Amino acid sequence: MRTFSPSFRVWHWLQAIAVFGLFITVILRESVMSKGAIGSIVQTKLAEIGMIITDEQAVIIGKAVRAPMWEWHIYLGIAVAALLLWRLVMVLKNGFGFDENPSMKRVYRLYKAVYLFLAVMSISGLSLYYKIAGDSKELVESIHMYVGYAIFAFVAVHIIGVILAERSDQKGLVSRMISGR
Ligand code: HEM
Ligand code: HEM
């Protein structure tokens with residue numbers, strides 16, 4: 001059976017918190033805190049007190065209100081990039097720590113793909129934030145968005161997979177991921 005070292009467990013749960021947090025920031029950005037949604041509330045309320053602003057002005061205010069929320073995407077994104085480097089050090093020192101269980105082969109391949117995706121997210125995200133993507137900005141944005149959605153899809157599949165594994169032949173899997181035993 002696979003054993004989970006203390007540093008691996010700490011890494012996993014910090015990583016999980018960061019990715020859940022990123023998910024929340026993206027959901028907020030696309031729903032109640034979208035620049036358009038905030039802008040139209042501001043526009044309507046200002047109109048009620050007799051101040052007319054254009055749609056463009058409303059969007060500028062919307063963006064400004066959204067900005068402090070979106071800063072969390074950057075903090076959590078930087079955390080993901082740092083955690084990935086930490087995991088890289090662990091893997092270089094001790095390998096992935098996967099066992100020889102043949103039924104887990106596909107799952108382990110998926111995990112490796114997720115690490116690759118996390119690397120793509122870190123590099124694309126940082127280059128958008130520091131504006132070093134240049135002419136390929138739009139391409140980098142699309143890659144960042146679609147691979148980001150793929151990671152969120154992985155998390156959903158991952159949690160279902162862990163629940164199914166707990167209920168079948170890997171009872172105590174989550175406990176071992178928490179306490180090591
Ligand atoms: C409540 C949520 C979660 C639970 C209960 C959970 C549980 C687990 C467990 C039990 C394992 C070990 C499984 C095995 O040996 O195959 C694992 C591995 C892993 N989890 Fe999660 N996880 C959660 C959320 C997340 C999130 C949000 C991410 C973010 C990307 C994530 C990424 C990973 C990765 C990459 C591995 C494989 C690590 C490796 O073996 O190198 N998990 N998780
Ligand atoms: C697991 C890691 C990450 C995930 C899942 C993720 C997810 C996403 C998603 C889905 C979007 C598109 C949001 C939208 O258009 O509504 C986005 C945008 C963005 N992300 Fe990330 N992200 C991650 C890491 C990072 C990192 C490391 C940074 C940089 C520090 C970063 C910076 C940005 C920026 C600047 C945008 C805005 C791009 C634009 O204006 O279109 N992200 N992210």
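Just so it is clear, the model here is predicted, and its values are computed rather than measured. One-based numbering, in listed order, for ligands and for the atoms of each.
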Tell me: protein heavy atom nearest [atom], and distance?
atom                    : result
atom 17 (C) of ligand 1 : H158 CE1, 3.3 Å
atom 16 (O) of ligand 2 : E30 OE2, 2.6 Å
atom 10 (C) of ligand 1 : L173 CG, 3.5 Å
atom 11 (C) of ligand 1 : M177 CE, 3.5 Å
atom 39 (C) of ligand 1 : Y115 OH, 3.2 Å
atom 15 (O) of ligand 2 : R29 NE, 3.8 Å
atom 14 (C) of ligand 1 : R2 NH1, 3.4 Å
atom 3 (C) of ligand 1  : W13 CZ3, 3.8 Å
atom 30 (C) of ligand 1 : Q15 NE2, 3.8 Å
atom 12 (C) of ligand 2 : M145 CG, 3.9 Å

At under 4.0 Å between heavy atoms, is it the side chain or the backbone of [X] that contacts ligand 2, or both, or neither?
X   : result
L76 : neither
Y75 : neither
F23 : neither

Residue-atom pairs from the protein, N, O or S only, that lie under 2.8 Å from atom 21 (Fe) of ligand 2:
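Atoms qualifying: H73 NE2, H144 NE2.
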Would you check whether F117 reaches within less than 4.0 Å of ligand 2, judged by its heavy atoms?
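No, F117 has no heavy atoms under 4.0 Å from ligand 2.
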Would you confirm whether [X], through its side chain, and [Y], through its main-chain N or O, come within 3.5 Å as a donor-acceptor pair?
X    : Y    : result
S136 : L139 : no
Q43  : I53  : yes
S34  : E30  : no
R176 : R2   : yes

Would R87 count as a contact of ligand 1 if the rule is a heavy atom under 4.0 Å away?
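Yes, R87 has a heavy atom closer than 4.0 Å to ligand 1.
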Any M104 heavy atom less than 4.0 Å from ligand 1
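Yes, M104 has heavy atoms under 4.0 Å from ligand 1.
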Contact atoms of ligand 1, heavy-atom distance to A16 under 4.0 Å
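Those of ligand 1 that fall under 4.0 Å from A16 are 24 (C), 25 (C), 26 (C), 27 (C).
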Do Y108 and D99 have a side chain donor and acceptor closer than 3.5 Å?
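A pair is found: one side chain offers a donor N or O, the other an acceptor, under 3.5 Å apart.
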Nearest to atom 37 (C) of ligand 1 by heavy atom, F152, F96, F4, Y111: which?
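It is Y111 that holds the nearest heavy atom.
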Rounded to the nearest 0.5 Å, how far does [atom2] of [Y] lie from [atom1] of [X]?
X    : Y    : atom1 : atom2 : value
Q57  : I52  : CD    : CD1   : 10.5 Å
L118 : I123 : CG    : CD1   : 11.0 Å
S7   : N94  : OG    : CG    : 7.5 Å
R9   : W13  : CZ    : CH2   : 11.0 Å

With a 3.5 Å cut-off and sequence neighbours excluded, list the donor-acceptor pairs that the side chains of residues 73-90 form with protein atoms.
from: H73; atom 1: ND1; to: T25; atom 2: OG1; distance (Å): 2.9
from: Y75; atom 1: OH; to: E71; atom 2: OE1; distance (Å): 3.0
from: R87; atom 1: NE; to: Y115; atom 2: OH; distance (Å): 2.8
from: R87; atom 1: NH2; to: F96; atom 2: O; distance (Å): 3.4

Before signing off on this row, confirm whether W70 and ligand 2 have an N or O atom pair separated by under 3.5 Å.
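No, there is no polar N/O contact under 3.5 Å.
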Cluster question for you: counting only ILVMFWY and a side-chain heavy-atom cut-off of under 4.5 Å, with indirect links fine, are [X] and [Y] together?
X    : Y    : answer
I38  : W70  : yes
L126 : Y146 : yes
F152 : V147 : yes
I159 : I27  : yes
W72  : M145 : no

Ligand 1 contact on I159 by region, counting heavy-atom pairs under 4.0 Å:
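The answer is the side chain of I159.
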Geometry only, no angles: is W11 polar-contacting ligand 1 at N/O separations under 3.5 Å?
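Such a contact does not occur with ligand 1.
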Taking the side chain as every heavy atom from C-beta outward, state whether L110 and F154 have any atom pair closer than 4.5 Å.
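When only atoms from C-beta onward are counted, F154 and L110 do touch, with a gap below 4.5 Å.
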Parallel, tilted or perpendicular: which fits the ring planes of F98 and Y111, with parallel below 30° and perpendicular above 60°?
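Answer is tilted, since the angle falls between 30° and 60°.
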L118 neighbourhood, listing ligand 2 atoms whose heavy-atom distance to it stays under 4.0 Å:
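Going through ligand 2 atom by atom, the ones under 4.0 Å from L118 are 1 (C).
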What is the name of the N/O/S atom of H12 that is nearest to atom 21 (Fe) of ligand 1?
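In H12, the N, O or S atom with the shortest distance to atom 21 (Fe) of ligand 1 is NE2.
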